[in-house]
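Letters go in sequence order (proteins before strands), and every chain restarts at 1. Quantities reported herein were computed from a predicted structural model and do not represent experimental measurements.
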Amino acid sequence: MWAYDFMQNAVLAGIIVATICGVVSVFVVIRRSAFAAHALSHMSLTGATLGMLLGFSAISGQLFVNLIAALTMGFLGDKIKKNDLAIGVVLTFVLGLGAYFLFLFQNNYSGGVLNILFGNILAVSKEQIYLLTGLSIGILLILTICARPLLFASIDPTLAEAKNLPIRFLSIVFFCIIAVTVSMACQIVGALLIFVLLIIPGAIAGLWCDGFYKTILVSVLVANISVFISLCIAYQFNLPTSFCITTLMSLIYAISHIKNQVLKL
Amino acid sequence: MIECRNLVLGYKHKPISKPFNLTLPNNKWFGIIGENGCGKSTFMKTILGNLKPVAGELQIFGKKPGNSNNSIAYIPQEREINTSEYTSGLTLIELSYNGWHFGIPFLNSNTKKKALDLLDLVGATKYMHRPFTTLSGGQKKRIYLAQALINQPKLLLLDEPLADLDPEAKQHFIEALNKIHKQHELTLLIISHDMHQIAMDLDGYIHFKHTQVHFCQELPCIREGAYVGI
């Protein structure tokens, strides 16, 4: 099956997206930013329809809308714990826009929208892989620069605020990182199932190990192995890839959780 | 040195104290006493630069508040810690080491040794690898002490560290403080309602009474029990 170009592209895209999501999900879990990830993933539907409506690619529309939404969420919100309302307000407004764009975008409605909602890793092109690589390098660079204050502000927000850390700035940077990651991951698992890559790898790693670097490593490995195995299963049994990824990762999370509960007994 | 010149404490231009003068020399330990809501925590937040003085001047080590926060360690009264299930006390210290610097979190061998020494000093070595979420309140407070000292502060602010601790945990915490007093050169400001338990180790008291703030070198009324259980 590796002789096919589309499978080679799918594996490459899978590795890139799984690696970035593995890293970002550790921060999402520590910062308790699941709702932000959820909101931005749903908003990427609006972005994708806008992009296609204007004749651009879906991912460029997603990047545009998600980054504006991330900046707005960051500016409207206050500290880490007080962002939910700001996120909710931005989410409803942008989703409303999405409904309008879908109304305008009635031609080619079903195929395009289904790909955005559930992803289609087998349709990833070489150009998209170059774009995904560039965006990944950008995210990793920003995370390398901001990791320390971002973690400090996430783990110990009271002290970070007392130390006069730029909490709002860090929050905006992090929302932008999620916005770009969501736009990338949409190509693989789609807007509806993005949670699986943005939360579960970090959550699984947190159930197995201690230490920042170990957690990142385990999270990246879990995400990569899951995506790779899912691709193989999807190809062999002619199943949707996103379904395989969500099922496999949920299974790993359930096993990890049960292991922890049993060890506590 | 902490210098207050006609300092008026307050929130958003609303004063809660009358002007007061205070000079606190380096490497001395001071207790802050007074009734609830009279401005003790506000004083600490003003020192940190989180709140602006309503009037007057405050200098911390010759700088304005907020400009010397790298030299100040602070253990707040209420604190939210977000860790994953397996994050240990040692990892918490590792991740907060110079947490305000850009870059990736990294402890070199010297800093790691210092973290282990501090954990030993506060008596937290035996549970430093245990998940932080499973520790008792007293154990967490000792980890916080080690975490506060890892960045080599010149000033340590403790806001009611003994609150919510049972007598045994209080005793352990005070023992850890005594060891720090002997081994580390730093200025300490501690707010506590159990001041009688640590009175022997303090060099003076800042007394907040209604809107007045004044300094007492010796506070005999504490030993007479006047402030016990405020």
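Within residues 206-215 of chain A, the residues that have a heavy atom under 4.5 Å from a heavy atom of chain B are A/Gly206, A/Leu207, A/Trp208, A/Cys209, A/Asp210, A/Gly211, A/Phe212, A/Tyr213, listed by number.
Across B/Pro131, B/Pro76, B/Ser96, B/Ser88, the residue that shares the most heavy-atom pairs under 4.5 angstrom with chain A is B/Ser88. Ranked by heavy-atom pairs under 4.5 Å with chain A, the first of B/Tyr86, B/Phe102, B/Trp100 is B/Tyr86.
B/Asn82 places a side-chain N or O within 3.5 Å of a backbone atom of A/Ser154 that can act as its donor or acceptor partner. Although no hydrogens or angles enter the test, the distance criterion places no donor-acceptor pair under 3.5 Å between the side chain of A/Lys163 and the main chain of B/Leu48.
Nearest heavy atoms, B/Arg79 versus A/Leu159: NH2-CD2, 3.2 Å. The minimum heavy-atom distance linking A/Pro149 with B/Gly103 is given by the pair CD-O, 4.4 Å. Heavy-atom minimum distance, B/Asn50 versus A/Glu161: ND2-O, 3.3 Å. Closest heavy-atom contact between A/Arg148 and B/Tyr97: NE-O, 3.5 Å.
With rounding to the nearest 0.5 Å, the separation of CG in A/Asn164 from CG in B/Asn67 is 9.0 Å.
For B/Glu78, the part lying under 4.5 angstrom from a heavy atom of chain A is the backbone only. Heavy atoms of B/Leu157 lying under 4.5 Å from chain A are absent altogether. Looking at A/Leu151, only its side chain comes within 4.5 Å of chain B, counting heavy atoms on both sides.
Within a 6.0 Å sphere centred on NZ of B/Lys112, other residues, nucleotides and ligands contribute 12 heavy atoms or fewer. For CG of B/Asp166, the number of neighbouring non-hydrogen atoms (other residues, nucleotides, ligands) closer than 6.0 Å is greater than 12. The environment of CZ in B/Phe215 is crowded: more than 12 heavy-atom neighbours from other residues, nucleotides or ligands sit within 6.0 Å. Annotation: A/Phe195, atom CZ; neighbour count of heavy atoms from other residues, nucleotides and ligands within 6.0 Å is above 12. Enclosure of atom CZ in A/Phe169 is not indicated, since only 12 or fewer non-hydrogen atoms of other residues, nucleotides or ligands lie within 6.0 angstrom. Heavy atoms of other residues, nucleotides or ligands lying less than 6.0 angstrom from NZ of B/Lys170 number more than 12. With a 6.0 Å radius and a threshold of 12 heavy atoms from other residues, nucleotides or ligands, B/His101 has its NE2 atom above the threshold.
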(request) Take A/Ile30 and B/Thr83, measure what side chain to side chain contact (heavy atoms under 4.5 Å, CB included) needs, and give me the verdict at the end. (result) CA-CA 6 Å; A/Ile30 292 177; B/Thr83 57; over 6 Å; no
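Proximity of A/Asp156 to B/Glu80: side-chain heavy atoms (C-beta onward) are nowhere separated by under 4.5 Å.
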